[in-house]
Amino acid sequence: MRRPGSRRSAKKRMLIIVNPYATTVSDRLKNLVVYALQGRYEVETVSTEAQNHATEIGREVRDHGYDVVVAFGGDGTLNEVVNGLAGTDVPVSVLPGGSTNVVCRTLGIPNDVVDATEHLLAVVDDWRPRRIDLGAADDRHFVFSCGAGIDATVVRRVDAHPRLKSAAGPYYFSWAAISAFYRSYLVNPVRLEVETSAGEAAEGVTALAQNSDPFTYFASRPVRVCEGVEIDDGALALGVLKRAVQRDMPMLMSRLFSEQRPAARHRQIEQFDRVAEATIASVSETRDGIVRPFPVQVDGDYIGEKTRLRLRAEPGALTVIA
């Protein structure tokens with residue numbers, strides 16, 4: 001028999017890590033969400049103040065007894081929270097506040113913040129934390145994707161103009177993609193050599209690692225590159241674009257939105273399935289013999305340039321409530 005006021009009969013403790021700069025987050029919205037959630041949870045909030053602050057917060061609260069830590073922001077905010085809590089038993093959940101919210105949709109959480117709040121209120125009565133996989137790019141975890149090449153160049157350009165990203169959404173991404181392709185990849189792109197731990201290899205100009213499907217969304221439409229990958233199947237899928245040639249682009253772009261003929265089946269894309277580990281290395285050099293670096297993004301956030309990158313799957317590395 002439980003005693004009145006015992007820990008088991010108390011409300012579950014929730015920490016919400018808020019990115020106040022995310023696309024759709026505002027103080028008014030945050031206050032409304034917190035007020036609603038207080039009906040079923042003991043809620044605390046903390047706002048991020050700089051890049052990677054959410055990771056620091058996640059690491060600090062690992063042993064603070066929270067029943068769930070919620071990332072309120074976009075995929076980048078969630079990525080930071082995950083990097084603070086990966087490998088622990090502390091469940092993570094999501095309130096969508098970004099422009100795309102890929103992980104939110106992948107986990108079956110509504111993409112509208114009001115509906116997502118109602119979803120979190122409902123799961124209290126059916127509390128079933130589960131494990132999902134993560135990917136790792138060197139020492140940085142990712143939940144749904146890591147890219148080296150064209151997509152990382154696009155993310156770098158978009159992240160440099162947050163106001164345009166917020167105002168134009170997917171259309172600004174489209175402009176950035178077209179601009180990056182013509183300016184950086186039609187002439188002398190950095191060539192990448194990709195090799196998996198199973199001995200498979202390919203060379204190209206872009207490599208995309210997926211921990212789940214789809215790769216991303218254009219507004220409400222899923223963008224699909226690799227096939228046959230699930231967020232809890234214990235492995236990554238890896239796609240390599242062999243070349244950047246203008247005549248390939250119309251068919252390739254149409255396949256990104258196709259259910260019947262996905263991009264992975266395009267003749268210029270090499271897909272590797274059930275990848276446990278892989279390396280991506282630049283094989284391009286300057287005239288002085290210096291290895292040229294390539295840009296890298298994880299979960300839609302640009303993380304810098306590398307000349308070599310190690311990828312690996314981490315099965316069951318994250319606990320989630322969804």
Hydrophobic clustering (ILVMFWY, side-chain heavy atoms < 4.5 Å, transitive) - are [Y] and [X] grouped together?
{"X": "Y66", "Y": "L85", "answer": "yes"}
{"X": "F144", "Y": "I231", "answer": "yes"}
{"X": "L78", "Y": "L29", "answer": "no"}

Going through the distances and angles, do K12 and E42 end up as a salt bridge (Lys or Arg N to Asp or Glu O under 4.0 Å)? CA-CA 6 Å; K12 293 188 180 299; E42 180 185 324; over 6 Å; no

Evaluation steps, side chain to side chain contact (heavy atoms under 4.5 Å, CB included), between E270 and E203: CA-CA 9 Å; E270 186 83 30; E203 188 174 309; over 6 Å; no

When you measure from the side chain of [X] to the backbone of [Y], do you find a donor-acceptor pair of N or O atoms at a distance under 3.5 Å?
{"X": "D133", "Y": "D233", "answer": "yes"}
{"X": "S284", "Y": "R292", "answer": "no"}
{"X": "R13", "Y": "H64", "answer": "yes"}

Residues R308 and D138 bridged, charged N to O under 4.0 Å: no

Is any NZ, NE, NH1 or NH2 atom of the basic residue among D67 and K11 found under 4.0 Å from an Asp or Glu carboxylate oxygen of the other?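 No, this pair does not count.
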
Run E277 and L311 through side chain to side chain contact (heavy atoms under 4.5 Å, CB included) and show every step you take. CA-CA 5 Å; E277 293 187 22; L311 300 171; over 6 Å; no

Shortest non-hydrogen contact between [X] and [Y], atoms and distance:
{"X": "H141", "Y": "N79", "result": "O-ND2, 2.9 Å"}
{"X": "A116", "Y": "P96", "result": "CB-CD, 3.5 Å"}
{"X": "T319", "Y": "P129", "result": "CG2-CB, 3.8 Å"}

Give a yes or no on whether E230 atom CD has more than 12 heavy-atom contacts from other residues, nucleotides or ligands under 6.0 Å away.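 Not more than 12 within 6.0 Å, no.
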
Side chain to side chain contact (heavy atoms under 4.5 Å, CB included) between T77 and V94, intermediate numbers included: CA-CA 10 Å; T77 305; V94 191; over 6 Å; no

[X] side, atom [atom1]; [Y] side, atom [atom2] - distance, nearest 0.5 Å:
{"X": "I269", "Y": "R243", "atom1": "CD1", "atom2": "CZ", "value": "12.0 Å"}
{"X": "I280", "Y": "L192", "atom1": "CD1", "atom2": "CG", "value": "6.5 Å"}
{"X": "Q271", "Y": "C226", "atom1": "CD", "atom2": "SG", "value": "4.5 Å"}

Show the numbers, then the answer: is there a side chain to side chain contact (heavy atoms under 4.5 Å, CB included) between I57 and R59? CA-CA 5 Å; I57 296 169; R59 288 172 179 158; over 6 Å; no

If you look only at pairs with a residue in residues 105-125, which of them pass as a side chain to side chain donor-acceptor pair (under 3.5 Å), with sequence neighbours excluded? R40-D125, N101-N111

